[in-house]
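Shown next, in structure tokens, is the structure this report addresses.
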Amino acid sequence: MKRMLVNSINMLQDAKKGKYAVPHFNINNLEWTKYILEECNSHNIPVILGVSEGACKYMGGYNVVANMVKALIKDLNIQIDVCLHLDHGSTFSSCQQAIDAGFTSVMIDASKYDIEENKRITQEVVDCAHKFGVSVEAEVGHIGGNEDGVSNEIYHATVEDCVSLSQVGIDSIAPALGSVHGLYKGEPNLNFERMKIINDTLNIPLVLHGGTGIPDDDIKRAIACGISKININTELQIAWHDAVLEFVMNNKEIYDPRKVISSGQAAMKKVISDKIKLFFNR
Ligand code: 13P
């Protein structure tokens with residue numbers, strides 16, 4: 001059967017009902033996309049491929065990314081649901097470019113503004129995205145840490161702001177509740193109580209950013225509190241980097257880029273497989 005990209009609405013609603021979380025893995029190049037698709041296909045689970053604005057630029061642009069993903073799904077005969085998602089779209093224009101190129105989901109991150117401005121920008125994106133069947137994720141509060149050179153202090157989302165933002169018709173929400181992008185300084189301290197209240201108050205799925213470095217028990221607790229999508233980026237980068245570094249140090253005479261880049265494949269696939277088992281409680 002020929003597979004097409006899907007938006008994230010059904011996969012996240014199913015996850016919310018079934019009390020599991022769909023993984024969002026960030027992609028940076030063709031190889032990463034291939035490894036993620038192959039591993040998720042072999043586990044027969046839906047997946048969200050997250051692409052930051054920086055990663056889109058690095059790969060050549062939104063059209064390159066969308067066409068690469070579609071072509072890999074076809075040529076690798078991928079049979080699972082795949083959603084192509086713009087991660088932390090910072091403006092209406094970047095969301096629009098992603099939608100035009102064929103992305104099936106966008107995140108508009110206007111969390112640096114006050115809630116009224118966040119709502120106004122998010123509403124614009126929802127109105128445009130929904131015309132094309134594209135799902136929309138939005139953020140409230142501040143997720144801490146550093147991603148693609150953008151750094152943030154942690155600021156916890158309030159229940160009132162989550163309710164207010166959800167009214168513009170978004171399909172999922174990322175309430176910042178103590179998680180950070182990149183490595184944690186010390187132990188993560190997630191606000192599970194508020195997570196549960198937000199989940200009980202809203203009827204849209206909740207998203208957890210900054211999945212790297214959160215202990216397994218906290219991930220399970222977050223899923224029990226209503227988290228339906230978990231974003232992982234840094235952990236894949238570290239696994240890939242450590243394996244490639246070891247390969248290069250032990251094989252200084254090998255210069256074939258295919259051998260060098262793919263020396264990180266097994267380590268990345270192990271992280272992907274471990275996350276799938278954890279998120280789907282397998
Ligand atoms: P990590 O880099 O901490 O895994 O976070 C990824 C993320 O939240 C992408 O939006």
Side-chain angles (χ1 to χ4, degrees), residues 8 12 21-29 32-33 35-36 40 47-59 65 83-90 94-95 98 103 105-112 135-157 170-191 195 205-216 218-219 222-223 227-242 264 267-268 270-276 278-279:
S8 68
L12 294 187
V22 176
H24 154 136
F25 293 117
N26 282 79
I27 59 171
N28 288 290
N29 57 23
W32 281 47
T33 314
Y35 307 154
I36 295 166
C40 292
V47 66
I48 296 171
L49 300 176
V51 203
S52 66
E53 290 175 353
C56 275
K57 197 168 165 204
Y58 172 81
M59 287 185 264
V65 174
C83 169
L84 179 59
H85 174 78
L86 175 66
D87 192 22
H88 293 281
S90 60
S94 53
C95 292
F103 280 53
S105 184
V106 291
M107 174 189 189
I108 173 68
D109 180 0
S111 62
K112 66 178 178 202
S135 46
V136 180
E137 174 185 325
E139 178 173 323
V140 210
H142 292 156
I143 290 156
N146 188 308
E147 189 172 60
D148 263 352
V150 180
S151 56
N152 253 325
E153 291 299 315
I154 298 178
Y155 170 69
H156 287 212
I170 50 177
D171 303 292
S172 61
I173 190 163
L177 293 168
S179 62
V180 305
H181 289 126
L183 297 174
Y184 287 80
K185 294 189 186 103
E187 284 295 300
N189 186 12
L190 301 184
N191 192 337
M195 200 181 274
L206 306 190
V207 177
L208 178 63
H209 280 247
T212 294
I214 299 180
D216 288 2
D218 281 2
I219 291 281
I223 294 172
I227 292 292
S228 307
K229 168 180 182 266
I230 303 177
N231 294 11
I232 303 283
N233 184 16
T234 307
E235 211 165 326
L236 291 182
Q237 296 188 358
I238 293 173
W240 179 84
H241 166 264
D242 290 355
M268 265 188 73
K270 165 125 184 29
V271 172
I272 296 165
S273 169
D274 288 348
K275 296 297 169 200
I276 291 171
L278 180 63
F279 295 178

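Reckoned from all heavy atoms, side chains included, excluding hydrogens, waters and symmetry mates. Order of appearance sets the numbers: ligands from 1, and atoms from 1 within every ligand.
- In this structure, a donor-acceptor pair under 3.5 Å is present between the side chains of His209 and Glu137.
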>> Run Val22 and Val47 through side-chain contact (heavy atoms from CB on, under 4.5 Å) and show every step you take.
In response: CA-CA 6 Å; Val22 176; Val47 66; 5.6 Å; no
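- Closest heavy-atom contact between Asn26 and His24: OD1-NE2, 3.0 Å.
- Scanning Glu139, Glu137, His181 for the heavy atom closest to atom 7 (C) of ligand 1 points to His181.
- Set against the non-hydrogen atoms of Asn26, the atoms of ligand 1 under 4.0 Å away are 9 (C).
- Only the side chain of Asp87 comes within 4.0 Å of ligand 1, judged by heavy-atom distances.
- The structure places CG of Leu49 at 11.5 Å from CG of Asp87, a figure rounded to the nearest 0.5 Å.
- With a 4.5 Å cut-off on side-chain heavy atoms, Phe103 and Val65 count as touching.
- Close approach to Gly182 involves these atoms of ligand 1, each under 4.0 Å from a residue heavy atom: 1 (P), 2 (O), 3 (O).
- To the nearest 0.5 Å, atoms CD1 (Ile227) and CG (Leu12) are separated by 11.0 Å.
- Using a 4.0 Å cut-off between heavy atoms, His88 contacts ligand 1 through its side chain alone, with no backbone atom that close.
- Heavy-atom contacts of His209 reach the following atoms of ligand 1: 8 (O), 10 (O) (cutoff under 4.0 Å).
- Considering Thr234, Asn233, Ile238 only, the shortest heavy-atom separation from atom 6 (C) of ligand 1 involves Asn233.
- For Glu235, no nitrogen or oxygen atom sits less than 3.5 Å from a nitrogen or oxygen atom of ligand 1, counting backbone and side chain alike.
- Contact analysis puts Gly210 in contact with ligand 1, with a non-hydrogen atom separation below 4.0 angstrom.
- Using 4.0 Å as the threshold, Val180 has a heavy atom nearer than that to some atom of ligand 1.
- Using bins of under 30°, 30° to 60° and over 60° for the plane-to-plane angle, the ring pair His88/His181 lands in the perpendicular bin.
- Those atoms of ligand 1 that come under 4.0 Å of a heavy atom in Ile232, given as number and element, are 4 (O).
- A distance of 9.5 Å separates NZ of Lys275 from NZ of Lys270, quoted to the nearest 0.5 Å.
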